[in-house]
Amino acid sequence: MNKLGRALLATTALGAATVAYAAGIERRHWTLRTATVPVLSPGAKPIRVLHISDLHMTPNQVSKQRWVAALADLNPDFVVNTGDNLAHKDAVPGTLRALGPLLDKPGVFVFGSNDYYAPRLKNPVRYLLPSSKTKRIHGVTLPWRDLRAGMIERGWEDLTHLRKTIMVNGQAIFCAGLDDPHLKRDRYADIAGTPDPSAALRLGVTHSPEPRVLDPFAADGYDFVMAGHTHGGQLRIPFYGAVVTNCELDRGRARGVSRWGSHMWMNVSAGMGTSPYAPVRFCCPPEASLLTLVPRPVTPGQGQNEGVRFGAGADMM
């Protein structure tokens with residue numbers, strides 16, 4: 001075999017190994033990302049928030065269901081779910097089993113496109129195009145009302161186009177949420193206005209972190225916004241980061257804590273799942289976020305990502 005043949009064979013083998021790793025190992029590499037974020041009012045007591053997003057659950061994903069349920073052992077003060085829980089018409093029971101122990105905690109949620117519609121097989125090239133250049137292709141309607149009822153019955157609050165105050169350890173969290181901007185279902189006018197200035201935290205919740213909704217949250221005076229949708233890029237290149245975000249957010253903020261404007265902070269969860277038709281992750285393991293919220297400094301500071309903790313048997317990347 002000549003040098004060219006050996007090079008092509010090596011390239012093919014490397015590509016096959018990468019796909020096998022991305023599909024068979026990393027997408028089940030359950031990860032906990034931790035960060036400390038200075039967003040509370042001065043004098044407030046720290047609040048530990050568990051951020052869950054983009055489960056994309058199917059009925060047979062037992063490992064994922066067990067890992068999500070075990071997150072209750074972290075004993076968070078508050079849980080925020082930013083949508084895309086479902087990926088199959090029969091996934092509601094498994095999703096509620098996974099969330100079950102967490103539903104005993106104070107919590108809020110909004111929905112994403114894959115709570116409303118099942119995923120469909122699409123040309124993977126579409127994912128690399130700007131979201132404004134692609135036409136929405138919806139699958140069958142999913143039983144999102146059953147999921148909503150199950151979460152509400154256990155005490156979580158649906159924030160879709162609502163403003164609500166949630167008491168957490170004797171402190172008020174003023175929350176406002178939107179329906180999915182990725183589907184253009186958001187109606188910010190329904191929640192517009194100055195949030196309660198006496199609250200320990202003024203929190204915005206949305207599935208897709210579109211700049212057109214982040215800007216009004218910041219302008220109204222919210223301290224923190226939590227979102228999902230991006231999957232952290234799902235495919236990340238070392239030393240480059242996310243290839244795309246699948247929305248209008250810039251690649252540099254595809255996952256983790258960042259600033260938006262002079263006052264507001266944001267956490268974008270890389271989420272825990274994938275579409276059944278694109279079951280791969282590379283340099284972007286599935287994650288939940290445990291965020292320790294602390295009082296703001298007198299002079300605005302920088303957020304501190306404390307690191308990433310991996311599930312049992314996982315290797316650092």
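Numbering starts at 1 and runs along the sequence shown.
With hydrophobic clusters built from ILVMFWY side chains whose heavy atoms lie under 4.5 angstrom apart, Val205 does not share a cluster with Val225. Using a 4.5 Å cut-off between side-chain heavy atoms of Ile, Leu, Val, Met, Phe, Trp and Tyr, with links allowed through other members, Leu103 and Leu55 fall into the same hydrophobic cluster. Following chains of ILVMFWY side-chain contacts shorter than 4.5 Å, one can reach Met57 starting from Leu50, so the two form part of one hydrophobic cluster. Residues Val243 and Leu249 do not share a hydrophobic cluster, clusters being chains of Ile/Leu/Val/Met/Phe/Trp/Tyr side chains in contact below 4.5 Å. Under the 4.5 Å side-chain heavy-atom criterion for ILVMFWY residues, a single connected hydrophobic cluster contains both Leu86 and Leu99.
The distance from atom CG of Asp190 to atom CG of Leu178, rounded to the nearest 0.5 Å, is 8.5 Å. Residue Arg48 holds its CZ atom at 10.5 Å from CG of Leu293, rounded to the nearest 0.5 Å. Distance check: Leu201 CG to Tyr222 OH gives 10.5 Å after rounding to the nearest 0.5 Å. Once rounded to the nearest 0.5 Å, the distance linking OG1 of Thr245 with CZ of Arg255 reads 14.0 Å. Taken to the nearest 0.5 Å, the CD atom of Gln65 stands 10.0 Å off from the CG atom of Leu96. To the nearest 0.5 Å, the span separating CG on Asp215 from CH2 on Trp260 amounts to 5.5 Å.
Shortest non-hydrogen contact noted between Leu159 and Cys175 is CD1-CB, 3.7 Å. Counting all heavy atoms, side chain and backbone alike, Gly193 lies closest to Arg163 at O-NH1, 3.3 Å. Nearest heavy-atom pair across Asp77 and Pro46 is OD2-O, 4.2 Å. The heavy-atom pair separating Ala270 from Cys284 by the smallest distance is CB-SG, 4.1 Å. Of all heavy-atom pairs spanning Val268 and Ala254, the tightest one is CG1-O, 3.3 Å. Taking each heavy atom of Arg251 and Gly241 in turn, the nearest pair found is NH1-C, 4.4 Å.
Between the side chains of Asp220 and Tyr188, a donor-acceptor pair is found at a separation under 3.5 Å. For the residue pair Ser53 / Thr82, a side-chain donor-acceptor distance below 3.5 Å is found, with atom types taken as modelled. For the 3.5 Å distance criterion, the side chains of His88 and His56 fail to qualify, holding no donor opposite an acceptor. Between the side chains of Asp84 and His207, at least one donor N or O lies within less than 3.5 Å of an accepting N or O. For Asn85 and Trp144, the side-chain atoms include no donor-acceptor pair closer than 3.5 Å. For Asn267 and His51, the side-chain atoms include at least one donor-acceptor pair closer than 3.5 Å.
The side-chain heavy atoms of Phe78 and Asn169, taken from C-beta on, include no pair separated by under 4.5 Å. The closest side-chain heavy-atom distance from Phe111 to Leu142 is not below 4.5 Å. By the 4.5 Å heavy-atom criterion applied to side chains, Gln171 and Ile47 are counted as neighbours. Counting heavy atoms from C-beta on, the side chains of Asp180 and Val110 never come closer than 4.5 Å. Thr160 places none of its side-chain heavy atoms less than 4.5 Å from the side chain of Phe109. The shortest side-chain heavy-atom distance between Val280 and Leu235 falls under the 4.5 Å cut-off. Counting heavy atoms from C-beta outward, Trp30 and Met272 have side chains that approach closer than 4.5 Å. Between Pro38 and Pro295, every side-chain heavy-atom pair lies at or beyond the 4.5 Å cut-off.
In Arg66, the CZ atom is not crowded: 12 or fewer heavy atoms of neighbouring residues, nucleotides or ligands sit closer than 6.0 Å.
With respect to His229, the side-chain contact (heavy atoms from CB on, under 4.5 Å) criterion is satisfied by exactly one of Pro181, Ser269, Pro209: Pro209.
Between Asp223 and Arg202, at least one side-chain N (NZ, or NE/NH1/NH2) sits under 4.0 Å from a carboxylate O, which counts as a salt bridge.
A side-chain donor-acceptor contact under 3.5 Å links Trp156 to the backbone of Lys105. Formation of a donor-acceptor pair under 3.5 Å by the Gln61 side chain with backbone atoms of Ala91 is not found in this model.
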Inset, instruction - List the steps, then state whether side chain to side chain contact (heavy atoms under 4.5 Å, CB included) holds for Phe174 with Ser198. - result: CA-CA 9 Å; Phe174 184 89; Ser198 68; over 6 Å; no

Legend entry - side chain to side chain contact (heavy atoms under 4.5 Å, CB included) between Val294 and Val39, worked out: CA-CA 6 Å; Val294 298; Val39 292; over 6 Å; no

Legend entry - side chain to side chain contact (heavy atoms under 4.5 Å, CB included) assessment of Asp54 paired with His231: CA-CA 7 Å; Asp54 296 86; His231 295 191; 3.4 Å; yes

Legend entry - Candidate pair Met264 and Arg259, rule side chain to side chain contact (heavy atoms under 4.5 Å, CB included), full reasoning: CA-CA 6 Å; Met264 193 172 78; Arg259 294 293 292 267; over 6 Å; no

Only pairs under 3.5 Å count here: list side-chain donor-acceptor contacts from residues 145-155, not counting sequence neighbours, and write none if there are none.
| residue | atom | partner | partner atom | Å |
| --- | --- | --- | --- | --- |
| Arg148 | NE | Asp158 | OD2 | 2.6 |
| Arg154 | NH2 | Gly100 | O | 2.9 |
| Arg154 | NH2 | Asp104 | OD1 | 2.7 |

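Scanning for salt bridge (Lys or Arg N to Asp or Glu O under 4.0 Å) contacts around Asp186 gives Arg212, with sequence neighbours left out.
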